[in-house]
Structure formats: structure tokens, C-alpha cells
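Let me begin by presenting the structure, written as C-alpha cells, before commenting on it.
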Amino acid sequence: MGFTNIYGVPHWNDAEGGGRHSTTIIDGKAIAARVRAEVTRDVAAFTARTGRRPGLATVLVGEDPASAIYVGGKQKASREVGIEPYDHRLPADAPSSEVEALIERLNAEENVSGILCQLPVPAHLDGVHLTGLIDAGKDVDGLTPLSAGLLALGREGLRPCTPAGVMVLLEEAGVDLQGAEAVVVGRSNLFGKPMAQLLLAANATVTTAHSRTRDLPAVCRRADVLIVAVGRDRMVRADSVKPGAVVIDVGMNRSDDGLHGDVDFEAVKDVASAITPVPGGVGPMTIAMLLRNTLQAAEMAHSEVPA
Ligand code: NAP
């Protein structure tokens, strides 16, 4: 697997048999900081050109503490790059009609470039239905049926933040995806499915694995690029990884001994040619891509306004 070591820290391995090779630890924090710096610059240029600031509206239903922290982080990050955050909160028992009315109102508001409905929503609400109401031009999470369809058809549109962030990590690490065997473990609408589509669009040969996949380790061992988003603490062991593969760990599993990915980083780093750590790999990219999507949505809306 060819890659250059632009945004990674080399880690030297003493491979069995005496050979020594280095593994790139892909530095998602540094890459995300660069994306944010670019967005800050481009938001300032957009604002100077149009007299408007891009706006990001967040919709949070209920008081789930983790969701409140995520939304707060997105608002803070918006402010830092010059995007105006609009914070909308509804009680946990808000009827669907109230959330629908709010989303419809935000669809029509000129100051709002992007809308994000924080998932999961309380059990009496249908998250797919609600996110589907967001205007495709404001769908900065890239999760509406129209955005998913545009991605599947290879048309321009807003892409889901985490898989789009993984594509940036692969590009920055210099990974050549043309014809590469890529395996995505996990098939969620949020990550696995759009990730597979993005890899396919980049001309990789893509396999999507899931909980019913037979002999998962053998499937993983085929991968030049292995991307894991399952939500099981350090599930992927070194013997599931082809020597020299690039490994991207999307998992975020919190336990008493800290935050871990879905990949056994300590063991796999001695086998892979490049790997993302957890924390500091994929995680920081998600908000960076949300900010980039919000600017893209503002640019798209502005280009549609008659001069
Ligand atoms: P999800 O909706 O729960 O999907 C998990 C997927 O993993 C499903 O497709 C499931 O298969 C598959 N799976 C479960 N157990 C498996 C097993 N033993 N072997 C193979 N596949 C298995 O989760 P998600 O939303 O995609 O998130 C996955 C992980 O990524 C979580 O840890 C989440 O926190 C993390 N994540 C991180 C970010 C970030 O910003 N860094 C963003 C999104 C997600 P089935 O479809 O057959 O059930």
C-alpha cells in the first residue's frame, strides 16, 4: 500500500524475522485543525463577499447529557470558525408535529445555511422521518434520502460528516485507493453505507461486512484499507489485519479504563502500515467536516440567489 508520511507520526516496529518497518499513526487532530483553519479563512472570505455569515441551526429534542455535550461542541466549533450557531431545544415529550414545524421553519429561514437534528431522538419520534424533512440544500449531516441518493448516483451533494472525514484522512495520508481492496465493517446509514459509496466513487473495490458476515477475520485480512465502525471495544485483533494494510478505526467505546476504538491499536499498529488512534483519529474530523459542509451549504444557497 503506497502512502506518504505527511500528517502522521512514524512508529518503528521490529517485525518478526528481524525486519524493521515504520507505521504511520495518522494524526486526525492535526488534519482536523488544518481543515478548520481552511474553513475559518473561507468563511471570512464568504462573509466579506456576501455580507452574510453562514449559520448552523442545531435541533436537540430531550435532555440526553451526551447529546447535549455533542450539540454544545458543534455550537462552539461553529463560533470559532465564524459560523453563527442557532440553538433550538425542545422538551423530551415534544410531539412529532412540533419538531416537524421547527424544521420546516428553519428550512425557510435565510440566515440558516445548515440544519442538524441531533440523533438519537426520543423513542416516540422517528429520526429518519425527521431528518428527511430537512431541505437537501441545508442537510449538513448528509443523511436525508435525497443526499443519500445523490451520493449513490455519484452526483454532487452534502456528504455525511464522518465518512467524508475518513476520505480526507486517507487523502492526507497519501493512500492510493485506485483498485485497492477496501473492507468496511459496519453497515449503518450514518457511517458504513455512505463510507462504502465514497470508497467506490474513489475506485476502490469495496466489501461491506456486518454482524452476519461469515468468517469476518478472513474478510478483514483481504483489505488493503480496513475501516471499522462497529461499536465493540478492540474487537479487531492483529490476526485480522493484512501486513501493511491501512487501518481506520471509527469506533468510540467508553469504559472505566478510558476511550477505545474497535481496533486493538497496540497490537495492530505493529502490523499495519498506517493506523488512526482513538482518541485523536477519526473523531476530530467529524465536527471539522460539519463546519466545511455548513460553508458549502451557504455557498450553494448564495449561488442560487439571483444577482
Ligand atoms: P451502529 O448503527 O450500531 O452499526 C454498527 C454496525 O456494526 C452494524 O452494521 C452491525 O451489523 C455491525 N456489527 C455489530 N456487531 C458486529 C460484529 N460482531 N461483527 C461485525 N459487524 C458487527 O453503529 P454506527 O453508528 O455505525 O457506529 C459504529 C461505531 O462508530 C460506534 O462506536 C460509534 O460510536 C462510532 N462512531 C464514531 C463517529 C465519530 O465521529 N468518530 C461517528 C459515528 C460513529 P448489523 O447491521 O448486521 O447489525
Side-chain angles (χ1 to χ4, degrees), residues 26-33 35-36 58 64-67 69-74 76-77 116-121 123 126-128 131 140-143 148 151 159-170 182-199 206-223 226-237 239-241 247-255 258-265 268 275-293:
I26 299 172
D27 188 346
K29 242 172 123 177
I31 297 169
V35 171
R36 283 186 192 221
T58 52
D64 177 60
S67 292
I69 290 172
Y70 290 142
V71 166
K74 289 166 187 176
K76 179 168 171 280
L116 178 156
C117 181
Q118 184 66 39
L119 299 174
V121 288
D126 177 351
V128 174
T131 50
V140 286
D141 254 346
L143 296 176
L151 172 58
R159 306 303 193 216
C161 301
T162 308
V166 169
M167 292 304 283
V168 173
L169 291 181
L170 292 171
V183 173
V184 181
V185 189
R187 58 174 165 180
S188 65
N189 292 332
L190 185 71
F191 183 81
K193 285 179 195 162
M195 185 74 251
Q197 298 276 4
L198 288 169
L199 291 164
V206 185
T207 303
T208 306
H210 45 79
S211 68
R212 311 289 172 90
T213 296
R214 258 183 274 136
D215 199 355
L216 183 65
V219 173
C220 291
R221 274 194 300 274
R222 295 210 303 259
L226 177 62
I227 301 177
V228 190
V230 167
R232 284 177 186 251
D233 197 331
R234 290 166 281 187
M235 181 187 90
V236 173
R237 306 276 171 183
D239 60 5
S240 296
V241 178
V247 179
I248 305 290
D249 188 354
V250 184
M252 294 206 297
N253 307 292
R254 267 171 229 285
S255 65
L259 180 66
H260 296 284
D262 291 341
V263 174
D264 181 0
F265 178 84
V268 172
I275 185 169
T276 55
V278 177
V282 174
M285 293 304 293
T286 300
I287 287 190
M289 299 312 289
L290 173 69
L291 302 173
R292 187 194 262 190
N293 276 355

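Counting convention: from 1, in listed order, for ligands and their atoms alike.
In this structure, CG on Leu119 lies 11.5 Å from CG on Asp64, to the nearest 0.5 angstrom.
Looking at Asp249, its side chain does come within 3.5 Å of a backbone N or O of Asp262 through a donor-acceptor pair. Of the possible polar contacts, none joining the Thr276 side chain to the Ile248 backbone as a donor-acceptor pair under 3.5 Å is found. Judged by distance alone, with hydrogens and angles left aside, the side-chain atoms of Ser188 form a donor-acceptor pair with the main-chain N or O of Phe191 at under 3.5 Å.
Arg159 places a side-chain heavy atom less than 4.5 Å from the side chain of Leu151. You'll find the side chain of Ile31 reaches within 4.5 Å of the side chain of Ile26, heavy atoms only.
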Within the protein, flag every N or O under 3.5 Å from an N or O of ligand 1, and note the pair and distance.
residue  : atom   : partner : partner atom : Å
ligand 1 : 9 (O)  : Arg187  : N            : 2.8
ligand 1 : 11 (O) : Ser211  : N            : 3.2
ligand 1 : 15 (N) : Arg232  : NE           : 3.1
ligand 1 : 21 (N) : Ser211  : N            : 3.3
ligand 1 : 26 (O) : Ser188  : OG           : 2.5
ligand 1 : 32 (O) : Met252  : N            : 3.0
ligand 1 : 40 (O) : Thr286  : OG1          : 2.7
ligand 1 : 46 (O) : Arg187  : NE           : 2.7
ligand 1 : 47 (O) : Arg187  : NE           : 3.3
ligand 1 : 47 (O) : Arg187  : NH2          : 2.8
ligand 1 : 47 (O) : Ser211  : N            : 3.2
ligand 1 : 47 (O) : Ser211  : OG           : 2.5

